[in-house]
Amino acid sequence: MSYSNPEFEYFSYELEHVDKKTGARAGTLHTPHGDIKTPIFMPVGTNSTVKLVTNHHLYESNAQIILGNSYHLYLRAGDELIAKFGGIHKWMNWDKPVLTDSGGFQVFSLAHLRKITEDGVEFRDPKDGKKHYINPEVSMKIQQNIGADIIMAFDQCAPFPCEYNEAKKAMERTHRWLERCIKAKTNPKQALFPICQGAFYDDLRRESAAFVSQFDAVGYAIGGLSVGEDKETMNHFVNFTAPLLPENKPRYLMGVGTPEDLLDGIKGGVDMFDCVLPTRNARHGSFFTWNGKKQIKNSMYQEDSTPLDENCDCYACRNHSKAYIRHLFKCNEGTAQALMSIHNITFLVKFSQMVREAILEDKFEEFYQEHYNNFI
RNA sequence: GGGUAGAUGGCCGAGUGGCUAAAGGCGACAGACUGUAAAUCUGUUCCCGCGAGGGUACGGUGGUUCGAAUCCACCUCUGCCCA
């Protein structure tokens, strides 16, 4: 199926370099709110804020694009209210690119609160129990009201483990829903990314990659991974699926991840990542370093006058010691969580920048060898 | 001076004869978290031992009892009330 996609008037992707020894890629995605240099880690800001991080610190972290969640923003503050403010960029005063997830992941993560039919999903607000309904058309309407640069297809993410027939049904429904999303979407200043599903079956992944690839989209996502499977399994399906997607388009691995997962994903040919881990882990007391993940509450940091990471230039690392942040954390001062969130976001953004530089210099393999084992 | 309530593991605090090495909370120590219902959840927290197990322990001393943190006597200390 071929059709002229009007989104290409506002979006384009240049694949700048492919690492000679691996599948790692460097590129640039042009959007109406600026360029995104890939590979890129995208911080998650579900409720139109990256939790505990102000826009000031977000800009300073060099985050190039952030996520919002259309399911949660539909419930609160309401997509129509955001539209009244002129869209999410004005609403939250963020002028770089934004991507919204469709609500598809909530079909998965809030499974006990929903009922799926061929048409769509009925669910209850986890906070007040009120019933709501989202289907592909509603999701497109919500996401167009919110006004992100990149919007996601409304999909059905299968759990892990998942029986073959169940996985196949979810994948086929995701495909039918994708066609409805494309039909319902009207604003060419938003790029709709299809999502490849297929759970943990090679033939389903191949079928799904082929299905989504027939649409001339700005970019493509790999969904349904990092849902509880082990790393080896996830890596297999990343490596298997990514090359099946169009080479000259950005590939977005949804919901990943850790520094080591980024390295593996990039090695497999992925360009974009998002994950709640840096901010959630920060709130829970762990922080990323070039020597792996650490816990600020550990007693060994009680008198440690050094920053969270010696090689980090984030606001927290420029200004505060581990001992001080640990003290704040143990006193339940939210500032500790905010500082750690700034650090973790900055770390992953910087990390993806350094990977990009290594790729451009054809040194990805060396970068991988040098750092991978520090993170596992 | 008289009366009264009380003394439990780092702290607070359940527990009134065996099911109590002693609930629960806090603190401490460690861990988990992957398209955010998450500043959440899990484990450990008297000593020795990998373990089975052993040793100490509920203010102190002595007693009753097969058996006491729990009952009795005296002592020490603390809160409150009256002079």
Side-chain angles (χ1 to χ4, degrees), chain A residues 41-53 65-73 75-76 99-114 123-130 139 143 148 150-158 160 174 193 195-197 221-231 233-235 238 252-262 264-265 270 272-288 293-302 326 328-341 344 348 375:
Chain A
F41 175 78
M42 309 183 283
V44 177
T46 303
N47 291 309
S48 64
T49 180
V50 176
K51 289 187 195 295
L52 303 182
V53 181
I65 171 174
I66 59 171
L67 263 70
N69 184 280
S70 46
Y71 168 92
H72 290 291
L73 290 172
L75 289 175
R76 276 168 293 276
L99 180 156
T100 45
D101 190 21
S102 62
F105 188 70
Q106 281 60 43
V107 173
F108 162 77
S109 66
L110 301 173
H112 59 292
L113 293 172
R114 50 77 167 150
F123 63 94
R124 282 182 285 123
D125 183 335
K127 293 198 175 162
D128 68 12
K130 210 173 148 189
S139 177
Q143 293 193 82
I150 298 171
I151 66 177
M152 302 305 299
F154 189 67
D155 65 334
Q156 186 183 344
C157 180
F160 176 85
T174 294
F193 278 33
I195 302 173
C196 168
Q197 287 291 348
I222 300 168
L225 295 178
S226 69
V227 291
E229 76 281 12
D230 55 81
K231 279 191 190 296
T233 303
M234 181 173 85
N235 283 333
V238 171
Y252 163 29
L253 176 56
M254 307 185 78
V256 175
T258 63
E260 67 271 24
D261 289 343
L262 258 58
D264 280 326
V270 173
M272 302 164 72
F273 302 84
D274 80 283
C275 195
V276 304
L277 219 48
T279 45
R280 179 181 292 166
N281 280 5
R283 276 177 278 120
H284 295 175
S286 59
F287 59 99
F288 294 127
K293 188 184 67 178
K294 313 283 182 190
Q295 313 249 13
I296 193 64
K297 284 184 288 186
N298 287 4
S299 53
M300 62 190 288
Y301 300 130
Q302 187 168 12
R326 175 176 189 272
L328 295 183
F329 204 95
K330 295 191 73 99
C331 290
N332 242 315
E333 292 290 347
T335 304
Q337 299 172 310
L339 291 169
M340 302 244 303
S341 297
N344 282 351
L348 280 186
F375 294 114

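Protein chains get the first letters and strands the later ones, always in sequence-line order, with residue 1 at the start of each.
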Query raised in the report: Yes or no on side chain to side chain contact (heavy atoms under 4.5 Å, CB included) for A:D155 and A:S102, after CA distance, side-chain angles and deciding distance?
Result: CA-CA 8 Å; A:D155 65 334; A:S102 62; 4.0 Å; yes
Query - Verdict with supporting geometry, A:F123 and A:Y71, ring-ring contact (aromatic ring centres under 6.0 Å, His included) - result: CA-CA 11 Å; A:F123 63 94; A:Y71 168 92; 4.8 Å; yes
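On the C1' atoms, B:rG60 is 10 Å away from B:rC77, given to the nearest whole Å. B:rG10 sits 28 Å from B:rC19 when the C1' atoms are compared, rounded to a whole Å. Only the C1' atoms considered, B:rA73 is 26 Å distant from B:rC80, to the nearest whole Å. Going from the C1' atom of B:rC46 to that of B:rA69 covers 16 Å, rounded to whole Å. Taking atom P on both nucleotides, B:rA57 is separated from B:rG6 by 25 Å, rounded to a whole Å. Comparing B:rG17 with B:rA28, their C1' atoms sit 35 Å apart, to the nearest whole Å. Across B:rC11 and B:rA83, the matching C1' atoms stand 37 Å from one another, rounded to whole Å. Taking atom P on both nucleotides, B:rC26 is separated from B:rA21 by 25 Å, rounded to a whole Å.
To the nearest angstrom, P of B:rC29 lies 12 Å from CD1 of A:I296. When the C1' atom of B:rG31 is taken as reference, atom CZ of A:F329 falls 13 Å away, rounded to whole Å. One interatomic measurement links the two molecules: NZ of A:K330 to C1' of B:rA28, which rounds to 7 Å at whole-angstrom precision.
Across all strands shown, B:rU34 forms no Watson-Crick or G-U wobble pair with both distances under 3.5 Å. Under the Watson-Crick and G-U wobble criteria, each requiring two contacts below 3.5 Å, nucleotide B:rC80 is paired to B:rG3. Both distances falling under 3.5 Å, in either a Watson-Crick or a G-U wobble arrangement, place B:rU61 opposite B:rA73. Base pairing analysis places B:rC46 opposite B:rG55; the two distances defining the Watson-Crick or G-U wobble pair are each below 3.5 Å. B:rC26 is paired with B:rG10 under the criterion used here, namely a Watson-Crick or G-U wobble arrangement in which both key atom distances are under 3.5 Å.
Residue-level contact check: A:R114 touches neither bases nor backbone, having no heavy atom under 4.0 Å from any strand. Residue-level contact check: A:D125 touches neither bases nor backbone, having no heavy atom under 4.0 Å from any strand.
Rounding to the nearest 0.5 Å gives a distance of 7.5 Å between CG of A:L277 and OG of A:S286.
Nearest-nucleotide mapping onto RNA chain B: of A:N332 and A:S299, the residue sitting toward the 5' end is A:S299.
For A:D125, the salt bridge (Lys or Arg N to Asp or Glu O under 4.0 Å) test picks out A:R76, with sequence neighbours left out. Residues that satisfy the side-chain hydrogen bond (donor to acceptor under 3.5 Å, both in side chains) test with A:T258, not counting sequence neighbours, are A:E260, A:D261. Residues passing the side chain to side chain contact (heavy atoms under 4.5 Å, CB included) test with A:D230, sequence neighbours excluded: A:E232, A:T233. A search for salt bridge (Lys or Arg N to Asp or Glu O under 4.0 Å) contacts involving A:D274 returns nothing, not counting sequence neighbours. Every residue two or more places apart in sequence or in another chain that forms a side chain to side chain contact (heavy atoms under 4.5 Å, CB included) with A:F160 is listed here: A:F200, A:V227, A:E229. Not counting sequence neighbours, the partners of A:S70 by the side chain to side chain contact (heavy atoms under 4.5 Å, CB included) test are A:I142, A:Q143, A:I146.
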Is there any protein nitrogen or oxygen under 3.5 Å from a nitrogen or oxygen in nucleotides 44-47 of chain B, and what are the pairs?
none

Polar pairs (N or O, both sides) under 3.5 Å between protein and nucleotides 32-36 of chain B?
residue: B:rA32; atom: OP2; partner: A:Q295; partner atom: NE2; Å: 3.2
residue: B:rC33; atom: O2; partner: A:H284; partner atom: ND1; Å: 2.7
residue: B:rC33; atom: N3; partner: A:N281; partner atom: OD1; Å: 3.3
residue: B:rC33; atom: N3; partner: A:H284; partner atom: ND1; Å: 3.4
residue: B:rC33; atom: N4; partner: A:S286; partner atom: OG; Å: 3.2
residue: B:rU34; atom: OP1; partner: A:R280; partner atom: NH1; Å: 3.4
residue: B:rU34; atom: O3'; partner: A:G255; partner atom: O; Å: 3.1
residue: B:rU34; atom: O2'; partner: A:S226; partner atom: O; Å: 3.3
residue: B:rU34; atom: O2'; partner: A:S226; partner atom: OG; Å: 2.4
residue: B:rU34; atom: O2'; partner: A:G255; partner atom: O; Å: 2.2
residue: B:rU34; atom: O2; partner: A:D261; partner atom: OD2; Å: 3.4
residue: B:rU34; atom: N3; partner: A:D261; partner atom: OD2; Å: 2.7
residue: B:rU34; atom: O4; partner: A:K231; partner atom: NZ; Å: 2.9
residue: B:rG35; atom: OP1; partner: A:V276; partner atom: N; Å: 3.0
residue: B:rG35; atom: O4'; partner: A:G255; partner atom: N; Å: 3.1
residue: B:rG35; atom: O4'; partner: A:D274; partner atom: OD1; Å: 3.4
residue: B:rG35; atom: O4'; partner: A:D274; partner atom: OD2; Å: 3.2
residue: B:rG35; atom: O2'; partner: A:D101; partner atom: OD2; Å: 3.4
residue: B:rG35; atom: N1; partner: A:D155; partner atom: OD1; Å: 3.4
residue: B:rG35; atom: N1; partner: A:D155; partner atom: OD2; Å: 2.8
residue: B:rG35; atom: N2; partner: A:D101; partner atom: OD1; Å: 3.0
residue: B:rG35; atom: N2; partner: A:D155; partner atom: OD1; Å: 3.2
residue: B:rG35; atom: N2; partner: A:D155; partner atom: OD2; Å: 3.4
residue: B:rG35; atom: N3; partner: A:D101; partner atom: OD1; Å: 3.3
residue: B:rG35; atom: N3; partner: A:D101; partner atom: OD2; Å: 3.3
residue: B:rU36; atom: OP1; partner: A:N69; partner atom: ND2; Å: 3.0
residue: B:rU36; atom: OP1; partner: A:D101; partner atom: OD2; Å: 3.4
residue: B:rU36; atom: OP2; partner: A:T46; partner atom: OG1; Å: 3.2
residue: B:rU36; atom: O4'; partner: A:R280; partner atom: NH2; Å: 3.4
residue: B:rU36; atom: O3'; partner: A:H72; partner atom: NE2; Å: 3.1
residue: B:rU36; atom: O3'; partner: A:Q106; partner atom: NE2; Å: 3.4
residue: B:rU36; atom: O2; partner: A:R280; partner atom: NH2; Å: 3.3
residue: B:rU36; atom: N3; partner: A:R283; partner atom: NH2; Å: 2.8
residue: B:rU36; atom: O4; partner: A:T279; partner atom: OG1; Å: 2.3
residue: B:rU36; atom: O4; partner: A:R283; partner atom: NH2; Å: 3.4

Output a table of donor-acceptor pairs, distance under 3.5 Å, between side-chain atoms of residues 42-52 of chain A and any protein atom two or more places apart or on a different chain; print 'none' if there are none.
residue: A:S48; atom: OG; partner: A:W91; partner atom: NE1; Å: 3.1

